[in-house]
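Working notes, structure below.
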Amino acid sequence: RKKKSKADKDYNMSAAEKSQKAKSIPQKDVYKKPEPGTMGEPAVHPPRKGKGEDKERVRERNFQIGRNFTLYNFTRSSTANKKKIDNTPTSIAVESLKNLVSAVLDPLQDALESKITITSGYRSSELNKAIAGTADDSQHMKGEAVDFKVRGVSSAEVVKKIINLGLPYDQLIRYAP
């Protein structure tokens, strides 16, 4: 006689039993770190009390958010390290960063055939306040903006390439070299 597996037992449970079992299991979203080069979903902390914005925070920073980029590329910050500021993005900001990467940065890096280096990506509101000269409503805090350099390519060439490829953008700000 075949021994029933746990899955078989769950399948044969009544709706009331399943509901009761679900209530007894702690509810949290935890995902394993993806293999390098694969797309993955972030693990999120349970909501934090006392935070005004989106309360879910991403726990794992070093997962792929595109073919050429990890979340760490967008969250590393010497200012945050020096001032001990938590620069962990919200789950909503991570989704915005994924969109930015897939719509703009991955295609741009492929077209330029040169590595894009992120110099400023996501900024928590606390980090944004700590950086002189930043706007209170910076798109960096939403994961909708990125500052970057491309090795061996001038900023003027990068701007032309973005326009010629028809990549979406809200603003293109070219800083003097």
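Remember, predicted model here, so these are calculated numbers, not experimental data. Numbers for residues simply follow the sequence, beginning at 1.
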Heavy-atom side-chain proximity of [X] to [Y] below 4.5 angstrom:
X	Y	result
Asp86	Glu126	no
Arg123	Ser138	yes
Val104	Tyr169	no
Asn68	Leu105	no
Thr79	Asn87	no
Lys115	Val150	no
Val146	Ser120	no
Phe63	Val94	yes

Let me confirm one number: the [atom1]-[atom2] distance from [X] to [Y], rounded to the nearest 0.5 Å.
X	Y	atom1	atom2	answer
Lys83	Ser77	NZ	OG	10.0 Å
Leu167	Lys161	CG	NZ	10.0 Å
Asn73	Thr117	CG	OG1	8.5 Å

Problem - Gln64 backbone acceptor or donor facing Thr70 side chain under 3.5 Å - result: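 Here the side-chain-to-backbone pair does not exist.
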
Practice task
Could you tell me whether the side chain of Ser155 and the main chain of Arg174 form a donor-acceptor pair under 3.5 Å?
Solution key: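 No; zero donor-acceptor contacts below 3.5 Å.
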
Exercise for the section: Pick out which of Leu165, Asn164, Val158 makes a side-chain contact (heavy atoms from CB on, under 4.5 Å) with Ile162. Expected result: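 Looking at Leu165, Asn164, Val158, the match for Ile162 under the side-chain contact (heavy atoms from CB on, under 4.5 Å) is Val158.
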
Problem - Leu71 and its side-chain contact (heavy atoms from CB on, under 4.5 Å) partner, picked from Leu97, Thr88, Val101 - result: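 Checked Leu97, Thr88, Val101 against Leu71; only one passes side-chain contact (heavy atoms from CB on, under 4.5 Å): Leu97.
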
Practice task
Please step through side chain to side chain contact (heavy atoms under 4.5 Å, CB included) for the pair His140 and Asp147, ending with a clear verdict.
Solution key: CA-CA 9 Å; His140 287 273; Asp147 301 343; 3.5 Å; yes

To check you understand the geometry: which heavy-atom pair defines the closest contact between [X] and [Y], and what is its length?
X	Y	result
Pro168	Ala103	CD-O, 3.7 Å
Ala80	Leu127	N-CD1, 3.7 Å
Tyr122	Ala93	CE1-CB, 3.6 Å
Glu144	Leu100	C-CD2, 4.4 Å

Practice task
Take Asp106 and Phe69, measure what side chain to side chain contact (heavy atoms under 4.5 Å, CB included) needs, and give me the verdict at the end.
Solution key: CA-CA 8 Å; Asp106 274 341; Phe69 300 94; 3.5 Å; yes

Problem - Carboxylate-amine/guanidinium proximity below 4.0 Å for Glu95 and Lys98 - result: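 Salt bridge flag = yes for Lys98 with Glu95.
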
Exercise for the section: Apply side chain to side chain contact (heavy atoms under 4.5 Å, CB included) to Phe148 and Leu108, showing your working. Expected result: CA-CA 12 Å; Phe148 63 90; Leu108 180 61; 3.8 Å; yes

Problem - Within 6.0 Å of CG in Asn81, more than 12 heavy atoms from elsewhere - result: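 Atom CG in Asn81 is packed in, count exceeds 12.
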
Problem - Residues Gln139, Gln171; criterion side chain to side chain contact (heavy atoms under 4.5 Å, CB included); working and verdict - result: CA-CA 10 Å; Gln139 287 179 290; Gln171 299 178 67; 3.5 Å; yes

